[in-house]
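Just follow the structure's listing: the first ligand is 1, and inside any ligand the first atom is 1. Bear in mind that the values here come from a model prediction, so they are computed numbers and not experimental data. We count residues from 1, following the sequence as given. Hydrogens, waters and symmetry mates are skipped; everything else that's a heavy atom, side chains included, is used.
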Amino acid sequence: MFREKLRKEIEIIKSNGLYRFFREKNDGVLDFSSNDYLCLSKHPKVVEAVKEGLKYGVGSTGSRLTSGNINHQRLEGKIAEFKEVERSLVYSSGYATNVGVISALCKKGDLILSDKLNHASIIDGCRLSKADVLIYNHCDVEHLVNLIEENWKKYNNLFIITDGVFSMDGDVAPLRDLKKIADEFNAILIVDDAHGTGVLGNGRGTLKHLNLKPSDNIIQIGTLSKAIGGLGGFVCGIEEVVEYLINTSRSFIYSTSLPPCIVEGCIKAFEIIEKTDIVKKLQKNIKTANRIFKENGFIEEDNITPIYPFIFKEKTVLIAEHLIKNNIFCVGIRYPTVPRGSERIRVSINVGHKKEDFEVLCERIRDVYQ
Ligand SMILES: Cc1ncc(COP(=O)(O)O)c(C=O)c1O
């Protein structure tokens, strides 16, 4: 009976064109889908550090508050230094970080103002919190101010939450304006810099890129699974935020901590970002891609991040299939991940791509899209 019910629902998903399924990524494909912007997941020094870390065993064996506090504080020290903040706390994923931080800090009687295009993990964190939530139009500072002016008197605390770099569009949040608004209305600004860390501000993130100094009312979140090339998430900011989260954040307290070998790999990845010109190389690649993608008419403006939305709407699936048949891995993104009418190929470039790779991508798209 239950099986039948689910089958029917799956049929509805299929008939709406929204069916999701796995694709295997073969070795040797030209990969424009991964978030491994600095190719650190396969960097020999990172791989070596992970192997070294196996001396601690494969798993961490418990939550950080039980048996699972191994080398994690060393990574947290590194992140705090890297982000120039007082303290950081590592979670088992970026998803768990957003859900755990937002649900712990934002309470009944508080108001969250969340950008319309924020990542699903922020949305789920907001849902799990007991705070009221208002959505402001994407990067629309005026709309945000209007919502605050209409509502702030009714609430104890205000939280403005935004991606630093938006995961599906690659654009950058107006953090300087958001910080000013946060200061004016005594709000806390939470920035999920999953796609800015390792990419902007010489790798330090979107705040650094915009010359914004960390301050008491800014909380930064990030992942270790994208430019850092590993797994996990982190939150960083003032000492008291971290101490409070250790004591209240359920996805931190009630979940096994990261494998210690991954922790070693992530520490090495941060060192590589600090000591080499890998981020500059990525930025150089972004400039090359900008030129080629513009010549082909796929973008109009220069990007500063490695995420390029090529909006092909209803042609998206056809183009994605054609690319895969031609050994180019570049997935189509559909509703509900992005709004209807903005279905796209999400092209993400990395430090390992060559000029010719960008050209081949454009040629293969042109086979089916004029
Ligand atoms: C903006 C943003 N935040 C959080 C996450 C979740 O991070 P993780 O994959 O480490 O769970 C993602 C990943 O898709 C993301 O794009």
Side-chain angles (χ1 to χ4, degrees), residues 20 25 31-38 40-41 72 75-76 79 83 88-103 112 114-129 135 138-139 159-175 178 189-200 205-207 209 219-236 249-252 255-259 262-263 265-266 269-270 305-309 330-334 336-339 344 346-350:
R20 296 175 196 258
K25 193 169 75 179
D31 189 0
F32 280 107
S33 69
S34 108
N35 297 313
D36 189 12
Y37 304 122
L38 299 173
L40 286 174
S41 79
H72 303 72
L75 173 58
E76 288 166 349
I79 295 171
K83 290 279 187 181
S88 95
L89 186 69
V90 167
Y91 286 65
S92 51
S93 72
Y95 186 96
T97 314
N98 272 326
V99 166
V101 171
I102 298 168
S103 62
I112 297 173
S114 178
D115 188 288
K116 194 172 180 185
L117 295 190
N118 276 344
H119 188 258
S121 53
I122 294 180
I123 297 171
D124 291 357
C126 292
R127 284 178 182 159
L128 206 57
S129 84
I135 309 296
H138 179 50
C139 291
F159 293 88
I160 301 168
I161 309 187
T162 181
D163 283 11
V165 171
F166 287 86
S167 56
M168 290 298 138
D169 292 78
D171 55 338
V172 176
L175 293 186
L178 298 185
L189 176 60
I190 301 182
V191 181
D192 173 5
D193 214 14
H195 297 272
T197 302
V199 170
L200 293 178
T206 310
L207 259 77
H209 167 72
I219 297 171
Q220 293 182 74
I221 285 170
T223 72
L224 302 164
S225 61
K226 303 190 191 300
I228 307 304
L231 175 72
F234 64 87
V235 57
C236 61
S249 180
R250 295 172 68 83
S251 62
F252 175 79
S255 186
T256 298
S257 65
L258 281 178
I262 296 293
V263 170
C266 292
F270 279 109
T305 73
I307 304 167
Y308 292 83
C330 184
V331 288
I333 312 280
R334 298 170 301 175
T337 307
V338 293
R344 68 200 58 191
R346 179 184 181 274
V347 175
S348 58
I349 70 159
N350 63 52

With heavy atoms of Asp163 as the reference, note each atom of ligand 1 found under 4.0 Å away. 1 (C)
Heavy-atom distances under 4.0 Å are what count here, so tell me which part of Asn98 touches ligand 1: side chain, backbone, both or neither. side chain
Compute the shortest N/O to N/O distance between Gly94 and ligand 1 and return yes if it is under 3.5 Å, no if not. yes
Students should be able to answer this: which protein heavy-atom is nearest to atom 9 (O) of ligand 1, and at what distance? Ser225 OG, 3.6 Å
Rounded to the nearest 0.5 Å, what separation is found between the CD1 atom of Ile190 and the CG atom of Leu178? 12.5 Å
Looking at every heavy atom in both Ser92 and Thr256, which two are closest together, and how far apart are they? CB-O, 3.9 Å
Test your reading of the model: is there a side-chain donor-acceptor pair from Asp163 to the backbone of Asn118, 3.5 Å cut-off? no
What one should report as the nearest heavy-atom pair of Val90 and Glu76 is N-OE2, 2.8 Å
Would you mind listing which atoms of ligand 1 come within a distance below 4.0 Å of any non-hydrogen atom of Thr223? 7 (O), 10 (O)
Can you see whether Thr206 engages Asp193 through a side-chain donor-acceptor pair at a distance of less than 3.5 angstrom? yes
Of all the atoms in ligand 1, which lie at a distance below 4.0 Å from a heavy atom belonging to Ser121? 3 (N), 4 (C)
Of all the non-hydrogen atoms in the protein, which one sits nearest to atom 3 (N) of ligand 1, and at what distance? Asp192 OD2, 2.5 Å
Apply the side-chain contact (heavy atoms from CB on, under 4.5 Å) test between Phe234 and each candidate in Ile79, Ile221, Ile228, Thr223; give the one that qualifies. Ile79
With a 4.5 Å heavy-atom cut-off, do Thr305 and His209 have their side chains touching? no
Identity and separation of the nearest protein heavy atom to atom 11 (O) of ligand 1: Tyr95 N, 2.9 Å
Working to the nearest 0.5 angstrom, can you tell me the gap between His195 NE2 and Phe166 CZ? 11.0 Å
One finds that the ligand 1 atoms under 4.0 Å from a non-hydrogen atom of Ser167 are 16 (O)
Pull out every atom of ligand 1 sitting under 4.0 Å from any heavy atom of His195, numbered as shown with elements. 1 (C), 15 (C), 16 (O)
Note the single closest protein heavy atom to atom 5 (C) of ligand 1, along with its residue, its atom name and the distance in Å. His119 CE1, 3.4 Å
Proximal ligand 1 atoms for Lys226, defined as those under 4.0 Å from one of its heavy atoms: 9 (O), 12 (C), 13 (C), 14 (O), 15 (C), 16 (O)
